[in-house]
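The block underneath contains the structure these notes are about, expressed in C-alpha coordinates.
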Amino acid sequence: MLTATPPHVRRAGQAGAAYGMIWVFLLLNLAIVELMLSHPGRPAPNTLTTVGRVLGMHLAFVLALQVLLVARLPFLDRRLGMDRLTAWHRWTGFTVFWLVLLHPTFVLLGYARLGESSFLSQVPVLARQMPVLLGMIAAGLVGVIAVTSVRAARRRLPYEAWHTVHLLTYAVVVLGVIHQVYEGSAFKTNDLTQAYWWGLWTFAIGALITGRLVLPLVRNARHRLRVAAVVAEAHDVVSVHVTGRDLHRLQARAGQFFLWRFPGHNRWWQVNPWSLSAAPDGHSLRLTAKAVGTTSAGLRDLPVGTRVFAEGPYGAFTAAGRTRQDTLLIAGGIGVTPIRALLEDHMLDGDIVVLYRVRTPADAVLLGELRNLAHLRDARLHLITGRTSGGNQPFSPENLLALCPDVAERDVYVCGPAAMTEAVLRSLRSLRVPPRQCHAEMFRLAG
(Lines give C-alpha, C1' and ligand atoms only; values in the text may rest on other atoms or scores of the structure.)
Protein backbone atom coordinates (compact mmCIF):
# COMPACT_ATOMS: atom_id res chain seq x y z
CA MET A 1 0.00 0.00 0.00
CA LEU A 2 1.39 3.43 -0.98
CA THR A 3 1.16 6.33 1.49
CA ALA A 4 1.71 10.01 0.76
CA THR A 5 4.57 11.81 2.45
CA PRO A 6 3.14 14.22 5.07
CA PRO A 7 3.51 17.87 3.91
CA HIS A 8 5.54 18.92 6.96
CA VAL A 9 8.04 16.09 6.37
CA ARG A 10 8.38 17.12 2.73
CA ARG A 11 8.94 20.77 3.68
CA ALA A 12 11.56 19.86 6.31
CA GLY A 13 13.32 17.81 3.64
CA GLN A 14 13.38 20.81 1.28
CA ALA A 15 15.00 23.00 3.95
CA GLY A 16 17.52 20.25 4.73
CA ALA A 17 18.37 19.94 1.04
CA ALA A 18 18.94 23.70 0.84
CA TYR A 19 21.31 23.57 3.84
CA GLY A 20 23.13 20.64 2.28
CA MET A 21 23.60 22.44 -1.03
CA ILE A 22 24.93 25.53 0.75
CA TRP A 23 27.50 23.53 2.71
CA VAL A 24 28.63 21.56 -0.34
CA PHE A 25 28.99 24.80 -2.35
CA LEU A 26 30.89 26.52 0.48
CA LEU A 27 33.29 23.69 1.29
CA LEU A 28 33.98 22.81 -2.34
CA ASN A 29 34.81 26.39 -3.30
CA LEU A 30 36.84 26.95 -0.14
CA ALA A 31 38.89 23.83 -0.94
CA ILE A 32 39.55 25.15 -4.46
CA VAL A 33 40.63 28.53 -3.05
CA GLU A 34 43.06 26.85 -0.64
CA LEU A 35 44.43 24.73 -3.49
CA MET A 36 45.01 27.85 -5.57
CA LEU A 37 46.83 29.51 -2.69
CA SER A 38 49.10 26.49 -2.29
CA HIS A 39 50.31 27.00 -5.88
CA PRO A 40 50.73 30.77 -6.17
CA GLY A 41 51.82 32.45 -9.36
CA ARG A 42 54.14 35.42 -8.90
CA PRO A 43 56.01 35.04 -5.57
CA ALA A 44 55.40 37.68 -2.91
CA PRO A 45 58.35 39.87 -1.80
CA ASN A 46 58.29 38.64 1.82
CA THR A 47 56.24 36.77 4.43
CA LEU A 48 54.10 39.76 5.42
CA THR A 49 52.99 40.43 1.87
CA THR A 50 52.34 36.68 1.44
CA VAL A 51 49.98 36.80 4.41
CA GLY A 52 48.37 39.91 2.94
CA ARG A 53 47.86 38.11 -0.38
CA VAL A 54 46.27 35.10 1.37
CA LEU A 55 43.93 37.40 3.31
CA GLY A 56 43.08 39.26 0.09
CA MET A 57 42.14 36.03 -1.68
CA HIS A 58 39.88 35.02 1.20
CA LEU A 59 38.42 38.54 1.25
CA ALA A 60 37.48 38.28 -2.43
CA PHE A 61 35.92 34.84 -1.85
CA VAL A 62 33.89 36.00 1.17
CA LEU A 63 32.78 39.10 -0.76
CA ALA A 64 31.48 36.82 -3.55
CA LEU A 65 29.52 34.88 -0.93
CA GLN A 66 28.14 38.16 0.40
CA VAL A 67 26.94 39.07 -3.10
CA LEU A 68 25.11 35.73 -3.29
CA LEU A 69 23.50 36.32 0.12
CA VAL A 70 22.06 39.69 -0.89
CA ALA A 71 20.87 38.39 -4.28
CA ARG A 72 17.57 37.23 -2.71
CA LEU A 73 17.55 33.97 -4.61
CA PRO A 74 13.97 32.58 -4.52
CA PHE A 75 15.26 29.01 -4.08
CA LEU A 76 16.96 29.86 -0.78
CA ASP A 77 14.44 32.42 0.42
CA ARG A 78 11.44 30.11 0.19
CA ARG A 79 13.25 27.28 1.99
CA LEU A 80 15.30 29.13 4.61
CA GLY A 81 13.66 32.53 4.95
CA MET A 82 14.96 36.06 4.52
CA ASP A 83 15.49 36.39 8.27
CA ARG A 84 17.99 33.52 8.42
CA LEU A 85 19.71 34.67 5.24
CA THR A 86 19.97 38.18 6.68
CA ALA A 87 21.60 36.84 9.84
CA TRP A 88 24.18 35.08 7.67
CA HIS A 89 24.61 38.28 5.66
CA ARG A 90 25.31 40.21 8.86
CA TRP A 91 28.05 37.85 10.07
CA THR A 92 29.53 37.55 6.59
CA GLY A 93 29.57 41.35 6.42
CA PHE A 94 31.60 41.64 9.60
CA THR A 95 33.97 38.95 8.29
CA VAL A 96 34.45 41.13 5.19
CA PHE A 97 35.12 44.11 7.46
CA TRP A 98 37.90 42.38 9.42
CA LEU A 99 39.49 40.98 6.27
CA VAL A 100 39.36 44.48 4.76
CA LEU A 101 41.32 45.73 7.76
CA LEU A 102 43.85 42.89 7.82
CA HIS A 103 44.54 42.49 4.08
CA PRO A 104 45.93 46.02 3.45
CA THR A 105 47.57 46.11 6.89
CA PHE A 106 49.80 43.14 6.10
CA VAL A 107 50.49 44.36 2.56
CA LEU A 108 51.56 47.79 3.88
CA LEU A 109 53.69 46.21 6.61
CA GLY A 110 55.37 43.99 4.01
CA TYR A 111 56.24 46.85 1.70
CA ALA A 112 57.33 48.99 4.66
CA ARG A 113 59.80 46.28 5.66
CA LEU A 114 60.91 45.84 2.06
CA GLY A 115 61.56 49.56 1.62
CA GLU A 116 62.84 50.05 5.19
CA SER A 117 60.26 52.79 5.71
CA SER A 118 57.33 53.45 7.99
CA PHE A 119 53.92 51.82 7.68
CA LEU A 120 52.08 55.08 7.01
CA SER A 121 54.59 56.28 4.43
CA GLN A 122 53.59 53.37 2.20
CA VAL A 123 49.97 54.52 1.97
CA PRO A 124 50.54 57.44 -0.46
CA VAL A 125 53.14 55.40 -2.36
CA LEU A 126 50.76 52.54 -3.09
CA ALA A 127 47.81 54.90 -3.61
CA ARG A 128 49.54 56.27 -6.72
CA GLN A 129 48.53 53.00 -8.42
CA MET A 130 44.91 53.38 -9.51
CA PRO A 131 43.82 49.75 -8.77
CA VAL A 132 45.24 50.05 -5.25
CA LEU A 133 43.54 53.42 -4.76
CA LEU A 134 40.21 51.91 -5.81
CA GLY A 135 40.76 49.11 -3.30
CA MET A 136 41.39 51.68 -0.58
CA ILE A 137 38.17 53.50 -1.47
CA ALA A 138 36.28 50.20 -1.33
CA ALA A 139 37.79 49.51 2.09
CA GLY A 140 36.63 52.92 3.34
CA LEU A 141 33.09 52.25 2.10
CA VAL A 142 33.07 48.86 3.86
CA GLY A 143 34.02 50.69 7.06
CA VAL A 144 31.08 53.10 6.68
CA ILE A 145 28.66 50.21 6.08
CA ALA A 146 30.04 48.28 9.06
CA VAL A 147 29.72 51.24 11.44
CA THR A 148 26.06 51.77 10.50
CA SER A 149 25.42 48.03 10.97
CA VAL A 150 26.50 47.99 14.62
CA ARG A 151 23.35 47.49 16.70
CA ALA A 152 23.74 50.74 18.63
CA ALA A 153 23.97 52.75 15.40
CA ARG A 154 21.26 50.71 13.68
CA ARG A 155 18.77 51.52 16.46
CA ARG A 156 19.37 55.26 16.03
CA LEU A 157 19.22 55.41 12.23
CA PRO A 158 15.90 55.67 10.38
CA TYR A 159 15.35 52.64 8.18
CA GLU A 160 15.48 54.77 5.03
CA ALA A 161 18.92 56.19 5.98
CA TRP A 162 20.28 52.75 6.88
CA HIS A 163 19.09 51.30 3.58
CA THR A 164 20.58 54.18 1.59
CA VAL A 165 23.99 53.64 3.22
CA HIS A 166 23.81 49.94 2.38
CA LEU A 167 23.42 50.76 -1.30
CA LEU A 168 27.15 51.49 -1.12
CA THR A 169 27.58 47.70 -1.22
CA TYR A 170 27.17 47.86 -4.99
CA ALA A 171 30.04 50.36 -5.25
CA VAL A 172 32.19 48.08 -3.07
CA VAL A 173 31.54 45.14 -5.41
CA VAL A 174 32.42 47.14 -8.54
CA LEU A 175 35.60 48.59 -7.01
CA GLY A 176 36.54 45.20 -5.58
CA VAL A 177 36.25 43.47 -8.95
CA ILE A 178 38.37 46.14 -10.66
CA HIS A 179 40.97 45.79 -7.89
CA GLN A 180 41.10 42.02 -8.45
CA VAL A 181 41.51 42.36 -12.22
CA TYR A 182 44.77 44.29 -11.81
CA GLU A 183 46.10 43.15 -8.43
CA GLY A 184 44.98 39.52 -8.17
CA SER A 185 47.72 36.93 -8.67
CA ALA A 186 46.73 33.67 -6.96
CA PHE A 187 43.94 32.99 -9.47
CA LYS A 188 46.11 33.95 -12.46
CA THR A 189 48.35 30.88 -12.21
CA ASN A 190 46.86 29.36 -15.37
CA ASP A 191 43.82 29.49 -17.62
CA LEU A 192 41.94 26.96 -15.46
CA THR A 193 42.25 28.97 -12.24
CA GLN A 194 41.22 32.15 -14.05
CA ALA A 195 38.20 30.41 -15.58
CA TYR A 196 37.14 29.14 -12.15
CA TRP A 197 37.60 32.48 -10.41
CA TRP A 198 35.76 34.60 -12.94
CA GLY A 199 33.14 31.88 -13.28
CA LEU A 200 32.47 32.18 -9.53
CA TRP A 201 32.16 35.96 -9.75
CA THR A 202 30.03 35.78 -12.91
CA PHE A 203 27.66 33.44 -11.08
CA ALA A 204 27.50 35.73 -8.02
CA ILE A 205 26.95 38.95 -9.97
CA GLY A 206 24.54 37.21 -12.35
CA ALA A 207 22.48 36.01 -9.39
CA LEU A 208 22.51 39.52 -7.93
CA ILE A 209 21.36 41.16 -11.18
CA THR A 210 18.68 38.50 -11.69
CA GLY A 211 17.32 38.61 -8.14
CA ARG A 212 17.56 42.33 -7.51
CA LEU A 213 16.84 43.78 -10.95
CA VAL A 214 15.54 41.42 -13.64
CA LEU A 215 12.91 39.53 -11.61
CA PRO A 216 11.44 42.66 -9.95
CA LEU A 217 11.25 44.50 -13.29
CA VAL A 218 9.59 41.55 -15.04
CA ARG A 219 7.09 40.98 -12.22
CA ASN A 220 6.11 44.64 -11.95
CA ALA A 221 5.71 44.98 -15.72
CA ARG A 222 3.48 41.89 -15.67
CA HIS A 223 1.30 42.75 -12.67
CA ARG A 224 1.05 46.57 -12.92
CA LEU A 225 0.31 47.15 -9.24
CA ARG A 226 -1.70 50.15 -8.12
CA VAL A 227 -3.18 51.45 -4.88
CA ALA A 228 -6.86 50.49 -4.70
CA ALA A 229 -7.71 51.86 -1.25
CA VAL A 230 -6.11 53.42 1.83
CA VAL A 231 -7.77 52.66 5.18
CA ALA A 232 -6.83 54.23 8.53
CA GLU A 233 -6.79 51.44 11.12
CA ALA A 234 -5.75 53.76 13.98
CA HIS A 235 -4.37 57.26 14.38
CA ASP A 236 -0.86 56.01 13.53
CA VAL A 237 -1.61 52.83 11.55
CA VAL A 238 -2.81 52.57 7.95
CA SER A 239 -3.63 49.73 5.57
CA VAL A 240 -2.94 50.00 1.85
CA HIS A 241 -4.88 47.74 -0.54
CA VAL A 242 -3.07 46.97 -3.79
CA THR A 243 -4.52 45.43 -6.94
CA GLY A 244 -3.04 44.39 -10.27
CA ARG A 245 -3.13 41.83 -13.05
CA ASP A 246 -2.71 38.07 -12.58
CA LEU A 247 -1.67 38.38 -8.93
CA HIS A 248 -2.09 34.63 -8.47
CA ARG A 249 1.11 34.21 -10.49
CA LEU A 250 3.07 35.88 -7.68
CA GLN A 251 2.42 32.76 -5.57
CA ALA A 252 2.50 34.92 -2.44
CA ARG A 253 1.70 33.26 0.88
CA ALA A 254 0.33 34.48 4.17
CA GLY A 255 3.23 35.51 6.42
CA GLN A 256 5.46 36.76 3.60
CA PHE A 257 6.51 40.34 2.94
CA PHE A 258 7.31 42.55 -0.02
CA LEU A 259 9.73 45.44 -0.43
CA TRP A 260 7.45 48.33 -1.28
CA ARG A 261 8.11 51.48 -3.27
CA PHE A 262 5.57 54.14 -4.19
CA PRO A 263 7.01 56.21 -7.08
CA GLY A 264 6.18 59.86 -6.56
CA HIS A 265 5.57 59.32 -2.86
CA ASN A 266 9.16 58.57 -1.90
CA ARG A 267 12.58 58.51 -3.57
CA TRP A 268 13.37 55.53 -5.77
CA TRP A 269 16.09 54.23 -3.46
CA GLN A 270 13.80 54.28 -0.41
CA VAL A 271 12.23 50.88 0.13
CA ASN A 272 10.34 49.42 3.09
CA PRO A 273 9.78 45.75 4.04
CA TRP A 274 6.12 45.38 5.05
CA SER A 275 4.35 42.08 5.57
CA LEU A 276 1.05 41.15 4.02
CA SER A 277 -1.64 41.72 6.65
CA ALA A 278 -4.20 39.55 4.87
CA ALA A 279 -3.82 36.20 3.17
CA PRO A 280 -3.35 36.86 -0.58
CA ASP A 281 -6.35 35.76 -2.63
CA GLY A 282 -4.94 36.18 -6.13
CA HIS A 283 -6.87 39.43 -6.66
CA SER A 284 -5.40 41.91 -4.17
CA LEU A 285 -2.64 42.42 -1.60
CA ARG A 286 -2.84 44.33 1.65
CA LEU A 287 -0.07 45.82 3.77
CA THR A 288 -0.57 47.47 7.16
CA ALA A 289 2.10 49.80 8.54
CA LYS A 290 2.67 51.90 11.62
CA ALA A 291 3.95 55.47 11.24
CA VAL A 292 7.54 55.08 12.48
CA GLY A 293 9.41 56.67 9.56
CA THR A 294 9.00 59.20 6.80
CA THR A 295 7.60 56.74 4.27
CA SER A 296 5.23 54.88 6.60
CA ALA A 297 3.92 58.13 8.09
CA GLY A 298 2.96 59.37 4.63
CA LEU A 299 1.09 56.27 3.48
CA ARG A 300 -2.28 57.66 4.54
CA ASP A 301 -1.83 60.41 1.93
CA LEU A 302 -1.36 57.98 -0.99
CA PRO A 303 -3.88 58.76 -3.75
CA VAL A 304 -5.92 55.87 -5.09
CA GLY A 305 -4.42 54.80 -8.41
CA THR A 306 -0.80 55.44 -7.35
CA ARG A 307 1.66 53.11 -9.08
CA VAL A 308 3.28 50.57 -6.78
CA PHE A 309 6.65 48.88 -7.29
CA ALA A 310 7.01 45.76 -5.15
CA GLU A 311 9.83 43.22 -4.83
CA GLY A 312 8.93 39.81 -3.56
CA PRO A 313 7.30 37.88 -2.10
CA TYR A 314 10.01 37.07 0.40
CA GLY A 315 10.26 35.07 3.60
CA ALA A 316 9.69 31.55 4.94
CA PHE A 317 7.45 32.72 7.81
CA THR A 318 4.60 30.72 6.31
CA ALA A 319 2.47 27.66 6.93
CA ALA A 320 4.77 25.85 4.49
CA GLY A 321 7.31 25.65 7.34
CA ARG A 322 4.92 23.86 9.68
CA THR A 323 6.13 20.58 11.21
CA ARG A 324 3.23 19.79 13.60
CA GLN A 325 -0.53 19.66 13.26
CA ASP A 326 -1.35 22.36 15.84
CA THR A 327 -0.10 25.95 15.95
CA LEU A 328 0.61 28.75 18.43
CA LEU A 329 0.66 32.26 16.91
CA ILE A 330 2.28 35.05 18.97
CA ALA A 331 2.10 38.71 17.94
CA GLY A 332 3.41 41.89 19.50
CA GLY A 333 2.33 45.37 18.42
CA ILE A 334 2.40 45.92 14.65
CA GLY A 335 3.98 42.47 14.34
CA VAL A 336 0.37 41.29 14.28
CA THR A 337 0.24 41.82 10.50
CA PRO A 338 1.79 38.50 9.34
CA ILE A 339 0.14 36.70 12.27
CA ARG A 340 -3.28 37.94 11.20
CA ALA A 341 -2.57 36.75 7.65
CA LEU A 342 -1.47 33.31 8.92
CA LEU A 343 -4.65 32.97 10.97
CA GLU A 344 -6.57 33.37 7.71
CA ASP A 345 -4.47 30.73 5.92
CA HIS A 346 -6.32 27.40 5.74
CA MET A 347 -3.02 25.55 5.43
CA LEU A 348 -3.04 25.86 9.22
CA ASP A 349 -5.69 23.19 9.61
CA GLY A 350 -5.16 22.05 13.20
CA ASP A 351 -5.93 23.62 16.56
CA ILE A 352 -4.78 27.26 16.77
CA VAL A 353 -4.00 29.46 19.77
CA VAL A 354 -3.26 33.18 19.28
CA LEU A 355 -1.48 35.42 21.82
CA TYR A 356 -1.57 39.15 21.04
CA ARG A 357 0.66 41.37 23.20
CA VAL A 358 -0.01 45.13 23.37
CA ARG A 359 0.38 47.80 26.02
CA THR A 360 -3.31 48.79 26.07
CA PRO A 361 -6.44 47.46 24.29
CA ALA A 362 -6.46 50.67 22.22
CA ASP A 363 -3.09 49.63 20.74
CA ALA A 364 -4.48 46.33 19.44
CA VAL A 365 -4.51 46.96 15.69
CA LEU A 366 -6.74 44.65 13.62
CA LEU A 367 -8.22 43.19 16.79
CA GLY A 368 -11.73 43.03 15.32
CA GLU A 369 -10.44 41.06 12.35
CA LEU A 370 -8.52 38.71 14.63
CA ARG A 371 -11.64 38.03 16.68
CA ASN A 372 -13.72 37.32 13.59
CA LEU A 373 -11.10 34.98 12.17
CA ALA A 374 -10.63 33.25 15.52
CA HIS A 375 -14.38 32.64 15.64
CA LEU A 376 -14.43 31.27 12.09
CA ARG A 377 -11.38 29.05 12.70
CA ASP A 378 -12.50 27.95 16.18
CA ALA A 379 -9.20 29.34 17.49
CA ARG A 380 -8.51 30.69 20.98
CA LEU A 381 -7.42 34.33 21.10
CA HIS A 382 -5.78 35.86 24.19
CA LEU A 383 -5.20 39.63 24.33
CA ILE A 384 -2.32 40.36 26.73
CA THR A 385 -2.02 43.95 27.95
CA GLY A 386 0.00 45.94 30.49
CA ARG A 387 3.60 47.04 30.86
CA THR A 388 6.32 44.42 31.01
CA SER A 389 8.10 44.62 34.36
CA GLY A 390 9.70 42.41 36.97
CA GLY A 391 6.32 41.17 38.14
CA ASN A 392 4.73 41.06 34.70
CA GLN A 393 6.55 38.78 32.28
CA PRO A 394 3.78 37.50 29.99
CA PHE A 395 6.11 35.30 27.96
CA SER A 396 8.00 33.65 30.78
CA PRO A 397 8.05 29.85 30.51
CA GLU A 398 5.45 29.54 33.27
CA ASN A 399 3.06 32.01 31.67
CA LEU A 400 3.45 30.46 28.23
CA LEU A 401 2.58 27.06 29.68
CA ALA A 402 -0.44 28.52 31.46
CA LEU A 403 -1.74 30.02 28.22
CA CYS A 404 -0.83 27.04 26.02
CA PRO A 405 -0.06 23.88 28.06
CA ASP A 406 0.85 21.80 24.97
CA VAL A 407 3.21 24.39 23.48
CA ALA A 408 5.92 21.75 22.95
CA GLU A 409 3.56 19.86 20.63
CA ARG A 410 2.89 22.87 18.39
CA ASP A 411 4.62 24.94 15.77
CA VAL A 412 5.16 28.42 17.20
CA TYR A 413 5.13 31.53 15.00
CA VAL A 414 6.23 34.75 16.71
CA CYS A 415 6.49 38.27 15.30
CA GLY A 416 6.90 41.52 17.21
CA PRO A 417 9.49 43.84 18.73
CA ALA A 418 12.97 42.32 19.01
CA ALA A 419 12.95 42.23 22.84
CA MET A 420 9.61 40.41 22.92
CA THR A 421 10.61 37.96 20.20
CA GLU A 422 13.87 37.13 21.94
CA ALA A 423 12.02 36.63 25.26
CA VAL A 424 9.61 34.21 23.60
CA LEU A 425 12.43 32.27 21.93
CA ARG A 426 14.29 32.00 25.25
CA SER A 427 11.20 30.61 26.92
CA LEU A 428 10.65 28.14 24.09
CA ARG A 429 14.21 26.88 24.52
CA SER A 430 13.63 26.59 28.25
CA LEU A 431 10.48 24.57 27.57
CA ARG A 432 12.47 22.32 25.20
CA VAL A 433 10.42 23.18 22.14
CA PRO A 434 12.47 21.79 19.20
CA PRO A 435 14.07 24.55 17.10
CA ARG A 436 12.42 23.23 13.92
CA GLN A 437 9.03 24.12 15.49
CA CYS A 438 10.03 27.74 16.23
CA HIS A 439 9.46 30.32 13.49
CA ALA A 440 10.36 33.97 14.11
CA GLU A 441 10.12 37.06 11.92
CA MET A 442 12.59 39.66 13.19
CA PHE A 443 12.04 42.37 10.50
CA ARG A 444 15.70 42.21 9.49
CA LEU A 445 16.70 42.76 5.90
CA ALA A 446 19.81 42.30 3.86
CA GLY A 447 20.62 45.59 2.21
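Please read all numbers here as calculations on a predicted model, not as lab measurements.
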With distance as the sole criterion, is a donor-acceptor pair present between the side chains of [X] and [Y] under 3.5 Å?
X    : Y    : answer
D411 : T323 : yes
S277 : R286 : yes
T95  : H58  : no
R357 : T385 : no

Is the backbone N or O of [Y] less than 3.5 Å from a side-chain atom of [X], with the two atoms forming a donor-acceptor pair by type?
X    : Y    : result
R90  : S149 : yes
R245 : R222 : yes
Q66  : H89  : yes
T421 : P417 : yes
W274 : W260 : no
S427 : F395 : yes
D281 : S284 : yes
R322 : R324 : yes
S275 : T337 : no

Which heavy atom in [X] sits nearest to a heavy atom in [Y], and how many Å separate them?
X    : Y    : result
A234 : R300 : O-NH2, 3.4 Å
F258 : A310 : CD2-CB, 3.9 Å
A146 : F94  : O-CE2, 4.0 Å
V230 : L299 : CG1-O, 3.8 Å
H179 : G135 : ND1-CA, 3.9 Å
L425 : A440 : CD1-CB, 4.1 Å

Which distance, rounded to the nearest 0.5 Å, do you find between the [atom1] of [X] and the [atom2] of [Y]?
X    : Y    : atom1 : atom2 : result
L329 : I339 : CG    : CD1   : 5.0 Å
F257 : L287 : CZ    : CG    : 13.0 Å
T243 : R226 : OG1   : CZ    : 9.0 Å
I145 : W162 : CD1   : CH2   : 10.5 Å
H375 : L373 : NE2   : CG    : 11.0 Å
I32  : W197 : CD1   : CH2   : 10.5 Å

**Q.** Pair R429 + E422: basic N to acidic O under 4.0 Å
**A.**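 So R429 does not pair with E422 through a salt bridge.
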Q) Does the pair R219/E311 count as a salt bridge with the N-to-O cut at 4.0 Å? A)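 No, R219 and E311 are not salt-bridged.
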Q: Starting from the C-alpha separation in whole Å, work towards a yes-or-no answer on side-chain contact (heavy atoms from CB on, under 4.5 Å) for M420 and I330.
A: CA-CA 10 Å; M420 187 208 83; I330 303 176; 4.2 Å; yes
Got a sec, which residues hit side-chain hydrogen bond (donor to acceptor under 3.5 Å, both in side chains) with [X], two or more places apart in sequence or on another chain?
X    : value
Q251 : none
D363 : T360
S239 : E233, T288
R380 : D351

Q | ring-ring contact (aromatic ring centres under 6.0 Å, His included) contacts in which one or both residues fall within residues 339-370, not counting sequence neighbours | A |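 ring-ring contact (aromatic ring centres under 6.0 Å, His included) check on residues 339-370 returns no pairs.
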Q: Count the heavy atoms of every other residue, nucleotide or ligand shown that sit under 6.0 Å from CZ of R371, and state whether that count exceeds 12.
A: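 It does not: R371 CZ has 12 such atoms or fewer within range.
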Q. Going by heavy atoms in the side chains, are V358 and V365 under 4.5 Å from each other?
A.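 Of all side-chain heavy-atom pairs linking V365 with V358, none is under 4.5 Å.
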Q | Side-chain touch R212/Y170, heavy atoms, less than 4.5 angstrom | A |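 Yes, their side chains come closer than 4.5 Å.
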Q) Which is it for L250 and L247 under the side-chain contact (heavy atoms from CB on, under 4.5 Å) test, yes or no, and what are the steps along the way? A) CA-CA 6 Å; L250 281 171; L247 296 189; 4.1 Å; yes
Q: State whether F262 and R307 meet the cation-pi test: NZ (Lys) or CZ (Arg) under 6.0 Å from the six-membered ring centroid, and within 45° of the perpendicular axis.
A: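 Because its charged atom misses either the 6.0 Å distance or the 45° angle limit, R307 does not stack over F262.
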Q.
Determine whether L259 and N272 satisfy the following criterion, side-chain contact (heavy atoms from CB on, under 4.5 Å), listing intermediate values before the conclusion.
A. CA-CA 5 Å; L259 303 179; N272 290 81; over 6 Å; no
Q. Could you go step by step and tell me if L403 and I384 meet the side-chain contact (heavy atoms from CB on, under 4.5 Å) rule?
A. CA-CA 10 Å; L403 292 166; I384 305 170; 3.8 Å; yes
Q: Quick one: list whatever passes side chain to side chain contact (heavy atoms under 4.5 Å, CB included) with W91, sequence neighbours left out.
A: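 For W91, no residue satisfies side chain to side chain contact (heavy atoms under 4.5 Å, CB included) once neighbours in sequence are set aside.
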Q.
Which residues pass the side chain to side chain contact (heavy atoms under 4.5 Å, CB included) test with N372, not counting sequence neighbours?
A.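 Applying side chain to side chain contact (heavy atoms under 4.5 Å, CB included) to N372 gives none.
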Q. Quick one: which of L348, L276, T327 gives a side chain to side chain contact (heavy atoms under 4.5 Å, CB included) with L342?
A.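 Option passing the side chain to side chain contact (heavy atoms under 4.5 Å, CB included) with L342: L348.
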**Q.** H439: partners by ring-ring contact (aromatic ring centres under 6.0 Å, His included), with sequence neighbours left out
**A.**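 Checked H439 against ring-ring contact (aromatic ring centres under 6.0 Å, His included); matches are Y413.
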Q | Residue pairs passing the salt bridge (charged side-chain N to carboxylate O under 4.0 Å, His left out) test where at least one lies in residues 398-408, sequence neighbours excluded | A |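 Non-adjacent pairs meeting salt bridge (charged side-chain N to carboxylate O under 4.0 Å, His left out): D406-R410.
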Residues 198-210 side chain polar contacts: donor-acceptor under 3.5 Å, at least two apart:
{"from": "W201", "atom 1": "NE1", "to": "Q180", "atom 2": "OE1", "distance (Å)": "3.4"}
{"from": "T202", "atom 1": "OG1", "to": "W198", "atom 2": "O", "distance (Å)": "2.6"}
{"from": "T210", "atom 1": "OG1", "to": "G206", "atom 2": "O", "distance (Å)": "2.8"}

Q) salt bridge (charged side-chain N to carboxylate O under 4.0 Å, His left out) with D246: which residues, sequence neighbours excluded? A)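 By the salt bridge (charged side-chain N to carboxylate O under 4.0 Å, His left out) rule, D246 matches no residue at all.
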Q. Excluding sequence neighbours, so at least two apart, what forms salt bridge (charged side-chain N to carboxylate O under 4.0 Å, His left out) with E344?
A.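 E344 satisfies salt bridge (charged side-chain N to carboxylate O under 4.0 Å, His left out) with R340 only.
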